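Keep in mind the model is a prediction, meaning the values are calculated, not measured. Per chain, numbering begins at 1; letters A, B, ... match sequence-line order. Computed over heavy atoms, backbone and side chain alike; hydrogens, waters and symmetry mates excluded.
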2 protein chains.
Amino acid sequence: MKDGEGKNCPIFFSLEIFGDKWSLLILRDILHFDKKHYNEFLESEEAISTNILADRLKKLESEGIISKKRDPDNKKQFIYSPTNKCLDLVPIILEIVVWGAKYDPDTKAPAEEMAKIRENRKEYIQNIRSKFKYVDQ
Amino acid sequence: MKDGEGKNCPIFFSLEIFGDKWSLLILRDILHFDKKHYNEFLESEEAISTNILADRLKKLESEGIISKKRDPDNKKQFIYSPTNKCLDLVPIILEIVVWGAKYDPDTKAPAEEMAKIRENRKEYIQNIRSKFKYVDQ
DNA sequence: TGTTTTGCTTGCATAATGCAAGTAAAAAAA
DNA sequence: TTTTTTTACTTGCATTATGCAAGCAAAACA
């Protein structure tokens with residue numbers, strides 16, 4: 001796509017930043033599975049390659065979606081944590097979960113939890129936000 | 001990724017079906033811009049290639065997200081229209097719009113319309129659904 | 001029975017991804 | 001202080017996906 005084109009649509013703007021499978025799976029790991037460390041992302045069952053992981057973490061950080069700093073509890077590791085810009089992605093991921101749970105015939109997502117999400121949407125989003133109370137930016 | 005892995009997560013299930021930029025832009029064109037015809041998709045400002053468009057339409061049809069039939073008003077053309085499975089994607093696209101409009105510094109999305117979407121979410125979703133009252137499946 | 005329109009397919013160059021192996025910096029251990 | 005280990009990458013290369021231009025075939029129309 002040429003520069004200057006397709007720049008007016010908020011959907012396109014969003015998709016340029018996180019509209020690929022691996023970015024969204026990393027964000028799922030951070031927001032829903034509370035993963036923080038490089039090797040935790042590598043351990044996900046979808047088996048992201050280490051070069052792709054490094055690339056996506058760099059991009060997400062440069063877009064201000066995640067922040068990176070040394071882990072004070074284990075100085076050899078880094079902690080990747082969500083910014084507010086990232087927490088605002090929770091509703092998107094939530095809706096993707098709901099759709100997938102509805103249409104995946106082999107879903108392992110418990111139906112009652114899905115119902116809870118749909119009925120108490122705001123509360124569910126707030127619960128995830130509160131897990132990351134002290135957030136950068 | 002190997003077969004049999006990563007099959008338990010509803011997010012992953014969803015992303016395998018529509019988790020790429022072009023699929024989501026086609027769905028935007030159908031659901032928000034009321035596009036129906038092959039050449040209308042080609043005219044979008046993001047300028048999808050004709051081979052990619054053909055590939056994605058075929059995939060979306062095979063997943064039961066869209067249906068294809070001859071246009072009775074212009075028998076040379078086909079109409080691509082959303083199924084119920086597609087209409088259930090509206091909340092996802094809506095949240096992507098909201099995020100993009102919030103964080104795109106050059107957004108053309110009017111702030112008051114965005115506020116309306118956030119305040120009257122259910123109604124907004126219902127309005128889009130009602131545009132496609134007679135839907136296949 | 002041509003001609004147009006429409007919806008593709010094909011070929012090829014370029015870019016992204018996947019996999020395995022290697023490396024470098026910092027911390028921990030000796 | 002030197003060595004070892006841990007961690008987070010980088011590199012090289014094969015495979016796959018994308019982008020672009022051109023071509024083609026079926027249906028409808030004239």
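- In this structure, A/N127 has no side chain to side chain donor-acceptor pair (under 3.5 Å) partners at least two apart in sequence or on a different chain.
- Checked against salt bridge (Lys or Arg N to Asp or Glu O under 4.0 Å), A/D71 has no partners two or more places apart in sequence or in another chain.
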Check residues 47-66 of chain A and write down every donor-acceptor pair under 3.5 Å in which the side-chain atom is one partner and the other belongs to a residue at least two apart or another chain.
unit_1, atom_1, unit_2, atom_2, d
A/T50, OG1, A/Y38, OH, 2.8
A/D55, OD2, A/K59, NZ, 3.4
A/R56, NE, A/D20, OD2, 2.9
A/R56, NH2, A/D20, OD2, 3.4
A/S62, OG, A/K59, O, 2.9

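- Atom CD of A/E16 is separated from atom P of C/dA16 by 11 Å (rounded to the nearest Å).
- In this structure, the side chains of B/I96 and A/F12 stay at 4.5 Å or more apart for every pair of heavy atoms.
- Note: NZ (A/K21) to C1' (D/dT18) measures 15 Å, nearest angstrom.
- Put simply, CD on A/E40 is 17 Å from C1' on D/dC9, counting in whole angstrom units.
- In the set D/dG19, C/dA26, C/dC8, C/dA26 carries the atom at the smallest distance from any side-chain atom of A/R70.
- Following rounding to the nearest Å, A/I26 (CD1) and C/dT17 (P) show an atom-to-atom distance of 11 Å.
- Listed by first and then second residue, the ring pair (Phe, Tyr, Trp, His ring centres under 6.0 Å) pairs that reach into residues 41-84 of chain A come to none, sequence neighbours excluded.
- Taking the side chain to side chain donor-acceptor pair (under 3.5 Å) definition, one finds that A/N39 meets it with A/Q77, sequence neighbours left out.
- Rounded to 10 degrees, the angle separating the terminal helix axes of the helix from C/dT1-D/dA30 to C/dA30-D/dT1, each built from five base pairs, is 10°.
- Regarding B/D71, its CG atom lies at a distance of 17 Å from the P atom of C/dT5, rounded to whole Å.
- The hydrophobic clustering, which links ILVMFWY residues whose side-chain heavy atoms are closer than 4.5 Å, places A/L42 and A/L31 together.
- In terms of phosphate contacts, B/W22 brings a side-chain nitrogen or oxygen within less than 4.0 Å of OP1 or OP2 of D/dG19.
- As rounded to whole Å, 15 Å separates atom C1' of D/dT18 from atom CG of A/D20.
- A heavy-atom distance below 4.0 Å to DNA chain C is reached by these residues of residues 53-61 of chain A, ordered by number: A/R56.
- Atom CZ of B/F41 is separated from atom P of C/dC8 by 11 Å (rounded to the nearest Å).
- The minimum heavy-atom distance linking B/S67 with B/T83 is given by the pair N-CG2, 4.2 Å.
- Between B/K75 and D/dA26 there is no side-chain polar atom (N or O) within less than 4.0 angstrom of OP1 or OP2.
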Please list, one pair per line, the donor and acceptor atoms closer than 3.5 Å that link side chains of residues 109-126 of chain A to other protein atoms, with sequence neighbours excluded.
unit_1, atom_1, unit_2, atom_2, d
A/R121, NH1, A/E95, OE2, 2.4
A/R121, NH2, B/E95, OE2, 3.1

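- In terms of the salt bridge (Lys or Arg N to Asp or Glu O under 4.0 Å) criterion, residue partners of B/D88 (sequence neighbours excluded) are, by chain and number, A/K102, B/R129.
- Residue B/I48 contributes atom CD1, which lies 11 Å from atom C1' of D/dG19 at whole-angstrom precision.
- Listed nucleotides C/dA20, C/dC8, D/dT18 differ in distance to B/I52; the shortest reach to its side chain belongs to D/dT18.
- The shortest side-chain heavy-atom distance between B/I30 and B/P82 falls under the 4.5 Å cut-off.
- Residues that satisfy the ring-ring contact (aromatic ring centres under 6.0 Å, His included) test with A/Y103, not counting sequence neighbours, are A/W99.
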*asked:* Strictly under 4.0 angstrom, non-hydrogen atoms only: write out the protein contact profile of nucleotides 1-7 of chain D, one letter per nucleotide from the 5' end, B, S or -.
replied: ----BSS
